[in-house]
Structures are given as structure tokens and as C-alpha cells.
Amino acid sequence: MLCSREKDYAVLVSLMQLWVVMAESFTVSVPVAPLVARLGDDLTVPCHISPEVSAVAMEVRWSRDGHTHPVLLYRHQQETQGQDFVGRLALSRAGLEKGNVSLVIREFRLRDEGRYICFVDSGLQYHRAAVEVKVSMTGSAPLVSLDGHQNGGIALSCNSQGWYPQPEVQWIDQAGSPFTVSSRSQFTQTPNGLYSVRSQILLSGQEQGAVSCVVRHGRDGTQVQSRVYISEGFFKSVQPWIIYTVSIVFIVLNVSFVITMIYLYKKKKDRRKLRKLYNTDRTDIYKDITMDPETSHPKLKVSEDGKSVRFDKQLQGVPDNPKRYKYWPGVLGCEAFSSGKHYWEVKVDGLDHWDLGVAKESVSREQVGDIQPSDGYWSIWFVYNEYRALDKKRTIIKPKQTVQTVGIYLDYDRGRLSFYDVEEQLHLYTFHSKFTEKLYPVFNPWESTNPLVLI
């Protein structure tokens, strides 16, 4: 009996020693190169335990150099966020189980820049690693202006906004070489921390041809530039009205250029938002929506799998019930949403009329005519080759081309319902409202024999 206990004790000691060895064998790793963040975007600061081991029962602390309080503290499976980061940080619980203790910082701000330290404590030992996070913002395309004649030459100015850190400015000729004449640059910092720059240069008659103003990051080398062409005639003595006319032309051209750049930037921002939705959140919020045949208008035919609906001239032999639309040719989805984020896609290719959106649970099934938020509907339509948001103003929507698939993104808690052109990855329209009851997807193919299809 004694020998048996001694053997059991020896086995127990061996297992404890093995456990200690295994517990002390992990390390943490972060990127060696600095991370680059953009203001307003979400940033993931990677930190992984190696070899892969669950961190659910460990202590995880994220801190910054020069700051006393932690950015985030995870201890006893409870999470505490620093005062400047409340509501903007996240650790993935699923990631913790796999040793992923990466920090997600939402809506990155300028004051978030710095050196972040990842600290992991298993109770038997701890490891830490640091990663540098820097902000980099590329500003607007330079606006080059003709300031007029000065001392027998032509004065040019160059303006650009929205840079971080402070950029470098250079004037170059058509051969790509910097001008030998000196220029003056003045930098100002806006309340949000971004830099604006105004640079001036005086060119004599020897500097002719293309003139470019180049604004670049000293940090990563990113640059933008604008170019003007200076001919010999500009340097000759001219009447004031000619100078005035030329100045007006320069102003008009540059204003048009700025308007175009703003338009393209907004389109690019919409694409980036939609691409982020698809690549990052889509799998989490994509919903398997089906249509409820008990709510469909009698002349609508819902497929057996609930994935499509089309108009049928023959009155369907369907039982009457309080949930069924009597006059308006619509059908509701089976699923209702009262919180969270939800996304679904509807193929509308081949239909000459359609309505899509969401409806409150309490909407009247005896609806007649158009629908709008005051009736409990938030939707857009395509009618008579025209896209409109069905709000009070019947806002016209102008997509790049005929929309084939509509993406619908509901953020219930924030009161937003957005519509997207899936093929072009472009934003179409967003409703802003305060939702107070359950919302159902709503579909209306009008009198089209081609089906609306849920993807």
C-alpha cells in the first residue's frame, strides 16, 4: 500500500513539473516594424502568444510609454479600459482562447499615437513586447495659384491641408529637378492636429514650362502634386486687365480641380467603407433572410424556399389573415431585428420596378400608395428608370450604372439603414432614425414577372 502511494506521489510530482515547464515556455510577439494608423480608422495592434496557448485565464495588460494607467487591463476574465479609450477598445474572446491578445483600437485619434506595450502574465511568469504606432495622414492635392507679377517675375503659391506629420514642400521644373530659386513655406496646425501648408515661389523669365508643387511625407515618402504651365508670355510686361483675366482662369481651373478631388475622395471613402464592411464584418453580420408567404400580397408568388418573390397576374388561392398585405404588393421577411447589425443582399437584375428596405412590425397591412418613414417604412425604389429614397423629399439617387444587386446594412442600435450597389461597391443612400420596435425586411417587385431574389 505504501509503495502504491509513493508511486502515485511520484507521478503527481512529474505532472506538476511538466505543467510548470509548459507554463513557462511561452513568449509574446509583436510586429518589428512600426504600425501606421490613419485618423478615424480602426487599427489592430497585433500581439500573439507562442506557442499557441489559451490566455483566457491569464492577465493581459496593454499600456503606453509615458502613461501611468493601462490602456486596457484584462484580469480574472474581466476587462477594464483606460479613460481615454472607453468604448473604443476590444479584445477578442475567441482570440484569447487561441493565444491572440491583439488590441483593436476603434476610430484612431492623434493622441493615440505612441509606443504600445503588450504584457501577458500566466501567474508563473510574464512576458512583454512593445510596438510603435505612428499616425500618417496624406493631405489634399495642392492648389496652385497665380499671385501675379512681382519684380519682373511671376509669383506662384501652393496650398494643401490635412497632413500629419508636418510634410515637406518642393517646387520642381518639367525635368523633375528642384528650382534653384528660393521658396518660402508656412505651416499651420489645426485644432485637430493636422497640418496645412502654404508655399510661395517667385519665378523669373528663365523658369518656363511645367512647374509642379510637390507635397510629401517625410515619414513614408507618400506625395501628391499639382502642375501648371508657364509660357514666356507670362513674363512680359502686360496690362493689369490681362493679369486679372489670367488670375481668374487660374482660380477657376484650380477650384474645379479641388471640387473634382473632393468628389473622388468621397467616392473612394465610400468604397473603403463598403470594402471594410465586406472584408471585415460581412461574415459576422450577414443574415440568411427568407420571405414570409403569410404576409405576401395575394398576387405575389413566394418560392418554396422563401428566397424569391415575383408578381403573378392570377390571384393566388391563399387564406386571408391579418398579417397579409391587401393592396400594396409587398411581402415581409420571416426574421425580425430589434438590436445589433444585420446585412443581406437582394438581386434586382431584370426588374423595371422594385422597392426594398425595412418595415416596423406594426405597419398597416392595408397600406395604399407610396410608403415612407412616417408610415413605418425605410426603403428605396427603382421606378420609371429612376432611383429614389422614399423619404419626405423623395431624394434622387444617382448610381454609377444600373444596379444589379442591392446590399442592405441595418445598424439598429445606431439608427442607420444603408443601401449599397454591390457590384460597384458604392454607397447609395443612408436613413438616420431612432428605431423603437422590431424591424422586418420588406420586398416589393411591383408588377414584374422577373423575381426579386435573396442571395
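The chain is numbered in sequence order, starting from 1. Computed over heavy atoms, backbone and side chain alike; hydrogens, waters and symmetry mates excluded.
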Rounding to 0.5 Å, atoms OH (Tyr195) and OG1 (Thr188) come to a distance of 10.0 Å
**Asked** Does CZ belonging to Arg227 count more than 12 external heavy atoms closer than 6.0 Å?
**Response** no
Between Arg88 and Asp112, is there a salt bridge with N-O shorter than 4.0 Å? yes
- Task: Kindly determine whether Asp413 and Ser339 satisfy side chain to side chain donor-acceptor pair (under 3.5 Å), including the steps that lead there.
- Result: CA-CA 6 Å; Asp413 299 324; Ser339 64; 5.0 Å; no
Side-chain H-bond candidate by donor/acceptor type, Glu79 with Gln81, under 3.5 Å: yes
NZ of Lys323 to CG of Asp292, rounded to nearest 0.5 Å, is 4.5 Å
Review point. So does Glu304 have more than 12 non-hydrogen atoms from other groups sitting under 6.0 Å from CD?
Key: no
Heavy-atom closest pair (Ile117 atom, Ala130 atom, distance to 0.1 Å) is CG1-CB, 4.1 Å
Result for side chain to side chain contact (heavy atoms under 4.5 Å, CB included) between Met291 and one of Val309, Val442, Asp305 points to Val309
key: Sidechain N-carboxylate O distance under 4.0 Å for Glu59, Arg61   = yes
Task: Step-by-step side chain to side chain contact (heavy atoms under 4.5 Å, CB included) determination, Asp375 to Gln367 - done: CA-CA 9 Å; Asp375 301 316; Gln367 173 74 34; 4.1 Å; yes
Between Glu52 and Lys98, is there a salt bridge with N-O shorter than 4.0 Å? no
Gln83, CD atom: more than 12 neighbouring heavy atoms under 6.0 Å: no
Worksheet item: With a 4.0 Å cut-off, would you call Glu386 and Arg388 a salt bridge?
Response: yes
Would you tell me whether Trp171 and Ser199 have side-chain atoms, one donor and one acceptor, within less than 3.5 Å of each other? yes
dist Asp411:CG -> Arg416:CZ (nearest 0.5 Å) comes out at 7.0 Å
Side-chain donor-acceptor pair under 3.5 Å between Glu366 and Ser364, yes or no? no
Under 6.0 Å from the CD atom of Glu447, do we count more than 12 heavy atoms belonging to anything else shown?
no
In short, disulfide (SG to SG under 2.5 Å) pairs touching residues 61-145 with sequence neighbours left out are Cys47-Cys118
Verify whether the ring centers belonging to Trp62 and Phe85 lie closer than 6.0 Å. no
In short, Ser136 meets Val36 closest at the heavy-atom pair CB-CG1, 3.4 Å
dist Lys392:NZ -> Gln372:CD (nearest 0.5 Å) comes out at 7.5 Å
Discussion item. With a 4.5 Å cut-off on side-chain heavy atoms, are Asn444 and Tyr325 touching?
Written reply: no
Practice task
Determine, step by step, whether Glu132 and Tyr116 satisfy the side chain to side chain donor-acceptor pair (under 3.5 Å) criterion, reporting the C-alpha distance in whole Å, the side-chain angles of both residues, the deciding distance to 0.1 Å, and the verdict.
Solution key: CA-CA 6 Å; Glu132 189 77 19; Tyr116 284 75; over 6 Å; no
Check: Would the number of heavy atoms belonging to other residues, nucleotides or ligands and lying under 6.0 Å from CZ of Arg198 be above 12?
Finding: yes
Residue set satisfying ring pair (Phe, Tyr, Trp, His ring centres under 6.0 Å) with Phe119, at least two apart, ordered chain then number -> Tyr126
inquiry  = I'd like to know whether the aromatic ring centres of Phe26 and His127 sit less than 6.0 Å apart in this structure.
reply    = yes
With Tyr377 as partner, the option from Val358, Asp355, Ile371 fulfilling side chain to side chain contact (heavy atoms under 4.5 Å, CB included) is Ile371
query = Does the pair Tyr343 and Glu345 meet the rule for a side chain to side chain donor-acceptor pair (under 3.5 Å), with working shown?
reply = CA-CA 7 Å; Tyr343 177 80; Glu345 294 178 354; 2.7 Å; yes
*asked:* More than 12 heavy atoms of other residues, nucleotides or ligands under 6.0 Å from CD of Gln186: yes or no?
replied: no
Using the rule given for side chain to side chain contact (heavy atoms under 4.5 Å, CB included), can you reason through Val302 versus Val331, listing the C-alpha separation, both sets of side-chain angles and the distance that settles it, and then say yes or no? CA-CA 9 Å; Val302 179; Val331 58; 4.2 Å; yes
Flag the pair Arg115 and Asp65 as a salt bridge only when some basic side-chain nitrogen lies within less than 4.0 angstrom of an acidic carboxylate oxygen.
yes
Worksheet item: Is any NZ, NE, NH1 or NH2 atom of the basic residue among Lys307 and Asp288 found under 4.0 Å from an Asp or Glu carboxylate oxygen of the other?
Response: yes
CD (Glu335) and NZ (Lys287) are apart, to the nearest 0.5 Å, by 10.0 Å
Given the rule in the side chain to side chain donor-acceptor pair (under 3.5 Å) test, do Ser448 and Asn450 qualify, once you have shown the distances and angles that lead to the verdict?
CA-CA 5 Å; Ser448 176; Asn450 289 327; 4.5 Å; no
Quiz prompt | Validation row: Arg365, Val363 side chains within 4.5 angstrom (heavy atoms) | solution = yes
Check: How about Gln225 and Cys213: do any of their side-chain heavy atoms sit closer than 4.5 Å?
Finding: no
- Are the aromatic rings of Tyr429 and Phe419 close, with centres under 6.0 Å apart? no
CG (Leu452) and OG (Ser303) are apart, to the nearest 0.5 Å, by 11.0 Å
Show your reasoning for whether side chain to side chain contact (heavy atoms under 4.5 Å, CB included) applies to Thr405 and Val403. CA-CA 6 Å; Thr405 306; Val403 179; 5.9 Å; no
Heavy-atom nearest pair, Val215 first then Pro142, reads CG2-CG, 3.8 Å
Closest non-hydrogen atoms of Val346 and Trp344, given as atom of the first, atom of the second and distance, are CG2-CD1, 4.0 Å
Paired with His353, the ring-ring contact (aromatic ring centres under 6.0 Å, His included) test is passed by just one of Tyr387, Trp446, Trp381, namely Trp446
Pro451 and Ser308 have their tightest heavy-atom pair at CB-CB, 4.2 Å
Close aromatic pair by centroid cut-off 6.0 Å: Tyr412 and Phe337:
no
Which of Leu332, Leu417, Leu410 passes side chain to side chain contact (heavy atoms under 4.5 Å, CB included) with Leu439? It is Leu410
Review point. How about Lys360: does its NZ atom have over 12 heavy atoms from other parts shown lying under 6.0 Å from it?
Key: yes
Please walk me through it: do Leu156 and Asp147 pass side chain to side chain contact (heavy atoms under 4.5 Å, CB included)? CA-CA 5 Å; Leu156 298 177; Asp147 293 342; over 6 Å; no
Heavy-atom side-chain contact between Ser362 and Lys438 under 4.5 Å:
no
Heavy-atom nearest pair, Ser185 first then Val169, reads OG-CB, 4.0 Å
* Phe435/Trp378 aromatic ring centres below 6.0 Å -> yes
- Task: Using modelled atom types only, decide if a donor and an acceptor are shared between the side chain of Ser160 and the backbone of Ser140 within a distance under 3.5 Å.
- Result: yes
